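Note that the coordinates shown come from a computational prediction; the quantities given were computed from them, not determined experimentally.
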Amino acid sequence: MRDWRQGGHIAVREITQAFDPRKDCFLQIDLSKGPAPSARAPDQYGDNCEACGATYSPADLIDPVSALSGATPIDKASQHLFFRLSNFEDLLTDWVNSDQLQAPIANKLKEWLEAGLQDWDISRDAPYFGFEIPGYPEKYFYVWLDAPIGYMASHEVLCREQGDDFDAYWLPGGDTELYHFIGKDIVNFHGLFWPAMLDSAGLRQPTAVYAHGFLTVNGVKMSKSRGTFILAETYLEHLDPEYLRYYYAAKLSGGVDDIDLNLDDFVQRVNSDLIGKVVNIASRCAGFLRKKFDNRMSVDCAEPELVQSFIDAGDQIAALYEAREFNRAMREIIALADRANQYIDEKKPWAMAKDEALADQVQAVCSVGVNLFRVLATYLKPVLPSMAEKSEAFLQCSLDWTALERPLVDHELAPFSPLLQRIDMEVVSAMVEASKNDA
C-alpha cells in the first residue's frame, strides 16, 4: 500500500453507497439485492446480473432491499480508497491482445478497455472481514484485493517447507510457467486488476489465464434445500475423490463452457469407464496370472504392434493435456481401453484356461492385457493419482510417461488388490441427503 501511494496508484475520494438504517451499517455489494437495471432480472446482487452478465453499482438496482433486514437502503457518504487502474492501460492492452487468454475472455476484457478503465474501489467499510487498511480506521481491504495475495503467501510457505525457490516462480525473467484457473464470473479481477497489481509490485505476469464456466448439479444452480449444494467435506465422507476428478476431466474443455454434475450420469460414467473398462483389464488378467503363473508375465510380448500403438497414442494424449482439452484426452484413453477389452474378449483367455496345452497362450494374452493396462494407467495418472499409486504397487514399476518405450516382459507382478470400487447409487443418495443438513 505504501508503494502504491508513493507511485501515485491510490486515490481517496468520497462515494455514496447503500446504508441499512435498521442494522446501522453500510451494505456490501452482496447484501443489497433487487431487479437488475439491464435485464431487469429479479433478485440480483449489487454488482453484476447473472442473467445477462452486465456490471453495475448497487445504487443502480431497481427498488433495492437489504439482505440483512429487508429494509429499503438509504444513500450515505463514505470515504473509499481506489486503485488507479488507468495507470496500467498500456500494460493491460498488450496483455489482453496477447495469446495468454482464451478468445471469449479477451473479447470481454476488450470491452472494458474500450469503455475506459475505471478506478477500482479496493476498500470496504466495517463491519467487514479480512485486514484493516493501515492508516484508515474502520476501512478494510476488499477481499478480491487480498485473496490472490493470500494464494501467493500460501505458495511461499510451501516453497519454504520444500526448499523450493519462490522467486523463480514469481519474479520476471524466470523459465517457470505460471497458470491461473478461474471461474468466468471473476475474469475482471484476474484478467485486469490482478495483472496491474502484479506489475505494480514488480512481479511477473501469468503464462496464461484459463477461465471455466459455472458448475451446476442435476442441471440447476446449487441448492441446499434440494441437497445439491454439496460441500467437499460431505462428498469425501461418502465417495472417493478419484471419481469426481475423472468425471470433471471427462467434461472439461479448454473453453469457457458450464459443467453439469448430473449424479445419475456421474455414477454411470465412472462405473462404466473406470471400473468396467480400465480397472477391468487389470483384474481380469491378474487373476489368470496369479492362479497359473505365480504372478509372472510371459518372457516375450505376443502383440508388440498392439502395445506399441497404445504407446504411440501418448503424443496425441499429451498434446490434449497441454491444450487443457481434458475431455478429449479422456475420450482417447477410454477408446484405447475399449480396444484392450476387445482384444481380451477376442482371445478369450477364460476359455483357453480350460486346456492345459494352451497355458502359454493364456499367459501371453494376459501379459499383453497387463501391458495395455499399464499404458492406460500412465495416461490417467494426472487425473487419478491414487489409482495410479495402487497400480504401481500392483505392476511393481513406476508409471512414468517417458518410460513407455517397451512392454514389460518376464516381469513379476504383486498380488492384485482392487484399484477402485463401483459407486453405489445408495451412497450418492446418502450424500445428497446429508447435504440438505449442511450449514
Side-chain angles (χ1 to χ4, degrees), residues 1-10 28 81-85 87-88 91-92 94-96 98-102 105 109 120-124 126 128-137 139-212 231-233 236 241 244-245 248 252 321-322 324 326 381-383 385-386 388-389:
M1 176 58 70
R2 181 187 66 247
D3 292 343
W4 280 353
R5 290 170 61 185
Q6 293 176 352
H9 301 316
I10 296 296
Q28 309 304 333
L81 283 73
F82 289 81
F83 183 78
R84 294 185 184 275
L85 199 61
N87 289 0
F88 302 88
L91 167 84
L92 295 176
D94 291 341
W95 161 257
V96 170
S98 69
D99 293 327
Q100 294 164 283
L101 299 163
Q102 297 144 296
I105 300 304
L109 295 178
W120 177 30
D121 188 347
I122 61 170
S123 61
R124 293 295 184 268
Y128 196 69
F129 58 92
F131 299 95
E132 191 172 33
I133 302 175
Y136 298 89
K139 304 291 180 183
Y140 288 78
F141 284 118
Y142 177 41
V143 63
W144 272 111
L145 179 137
D146 61 28
I149 298 172
Y151 304 152
M152 291 182 62
S154 298
H155 182 223
E156 184 174 20
V157 171
L158 179 66
C159 287
R160 288 176 181 173
E161 292 176 349
Q162 298 186 346
D164 207 350
D165 185 0
F166 176 80
D167 289 345
Y169 292 96
W170 291 97
L171 293 182
D175 59 358
T176 57
E177 297 183 359
L178 179 63
Y179 293 89
H180 293 194
F181 293 91
I182 63 172
K184 67 181 180 182
D185 56 332
I186 55 172
V187 295
N188 53 336
F189 297 108
H190 281 264
L192 291 178
F193 303 159
W194 185 231
M197 289 173 59
L198 289 170
D199 183 74
S200 69
L203 301 171
R204 59 164 291 176
Q205 299 299 320
T207 304
V209 174
Y210 288 93
H212 297 299
L231 298 177
E233 182 180 14
L236 292 174
L244 198 60
R245 290 173 64 93
Y248 283 162
L252 189 59
Y321 270 120
E322 288 288 338
R324 267 64 63 187
F326 304 111
K381 186 176 181 178
V383 176
S386 294
E389 185 177 356

Worksheet item: If you take all heavy atoms of I133 and L81, which pair is closest and at what distance?
Response: CG2-CD2, 4.2 Å

Worksheet item: For H190 and P195, which heavy atoms make the closest approach, and how far apart are they?
Response: O-CD, 3.3 Å

Worksheet item: Judged by modelled atom types alone, do Y140 and R124 share a side-chain donor-acceptor pair under 3.5 Å?
Response: no

Practice prompt. Take atom CZ of F131 as the centre, draw a 6.0 Å sphere, and report whether it contains more than 12 heavy atoms from other residues, nucleotides or ligands.
Written response: no

Fill in: Over all atoms of both residues, closest heavy-atom pair of Q102 and A211
OE1-N, 2.7 Å

Discussion item. Check whether Q100 reaches the backbone of P206 with its side chain - one donor and one acceptor, N or O, closer than 3.5 Å.
Written reply: yes

Practice prompt. Measure from the ring center of F83 to the ring center of F88 and say whether it is less than 6.0 Å.
Written response: yes

Determine all donor-acceptor pairs shorter than 3.5 Å in which one atom belongs to a side chain in residues 168-175; sequence neighbours excluded.
{"unit_1": "Y169", "atom_1": "OH", "unit_2": "D164", "atom_2": "OD2", "d": "2.7"}
{"unit_1": "W170", "atom_1": "NE1", "unit_2": "H155", "atom_2": "ND1", "d": "2.9"}

Fill in: Residue pair Y179 / E177, side-chain heavy-atom distance below 4.5 Å
yes

Worksheet item: Can you find a heavy atom in the side chain of R204 that is under 4.5 Å from one in the side chain of L198?
Response: no

Item to complete: Could you check if a side-chain atom of D167 sits within less than 4.5 angstrom of a side-chain atom of C159, using non-hydrogen atoms only?
Response: no

Worksheet entry | Steps toward side-chain contact (heavy atoms from CB on, under 4.5 Å) verdict (F193, L145) | CA-CA 8 Å; F193 303 159; L145 179 137; over 6 Å; no

Worksheet item: How far apart are the closest heavy atoms of L192 and L85, and which atoms are they?
Response: O-CD1, 4.1 Å

Worksheet, complete the sentence: dist Y136:OH -> F141:CZ (nearest 0.5 Å) comes out at 9.5 Å

Worksheet entry | Test of ring centre spacing under 6.0 Å for F189 and W194 | no

Worksheet item: Does the side chain of H180 reach to within under 4.5 Å of the side chain of Y210, using non-hydrogen atoms?
Response: no

Discussion item. Can you confirm whether L203 sits close enough to M197 that some side-chain heavy atom of one is under 4.5 Å from a side-chain heavy atom of the other?
Written reply: no

Worksheet item: Looking at residues at least two apart in the chain, or sitting in another chain, which of them share a side-chain contact (heavy atoms from CB on, under 4.5 Å) with L236?
Response: P241

Discussion item. Testing the basics here: between N87 and H9, what is the closest heavy-atom pair and its distance to 0.1 Å?
Written reply: ND2-ND1, 3.0 Å

Discussion item. Within the 4.5 Å heavy-atom criterion, are I10 and F82 side-chain neighbours or not?
Written reply: no

Worksheet item: Shortest non-hydrogen contact from G191 to L92?
Response: O-CD2, 4.5 Å

Discussion item. Less than 4.5 Å apart, side chain to side chain, heavy atoms only: is that true for W120 and Y142?
Written reply: yes

Fill in: Evaluation steps, side-chain contact (heavy atoms from CB on, under 4.5 Å), between F326 and V383
CA-CA 9 Å; F326 304 111; V383 176; 5.7 Å; no

Item to complete: Start with the C-alpha distance between L252 and R324, add both sets of side-chain angles, then the distance that settles side-chain contact (heavy atoms from CB on, under 4.5 Å), and finish with yes or no.
Response: CA-CA 8 Å; L252 189 59; R324 267 64 63 187; over 6 Å; no

Discussion item. Can you pull out every salt bridge (charged side-chain N to carboxylate O under 4.0 Å, His left out) where at least one residue sits in residues 152-163? Sequence neighbours excluded, please.
Written reply: E156-R160

Worksheet item: More than 12 foreign heavy atoms under 6.0 Å from CD of E132: is that the case here?
Response: yes

Worksheet item: Considering residues, nucleotides and ligands other than E233, do more than 12 of their heavy atoms fall under 6.0 Å from its CD?
Response: no

Worksheet item: Do side-chain atoms of S123 reach the backbone of K139 as a donor and acceptor pair under 3.5 angstrom?
Response: no

Fill in: Pairwise side-chain contact, I182 with V209, heavy-atom cut-off 4.5 Å (strictly under)
yes

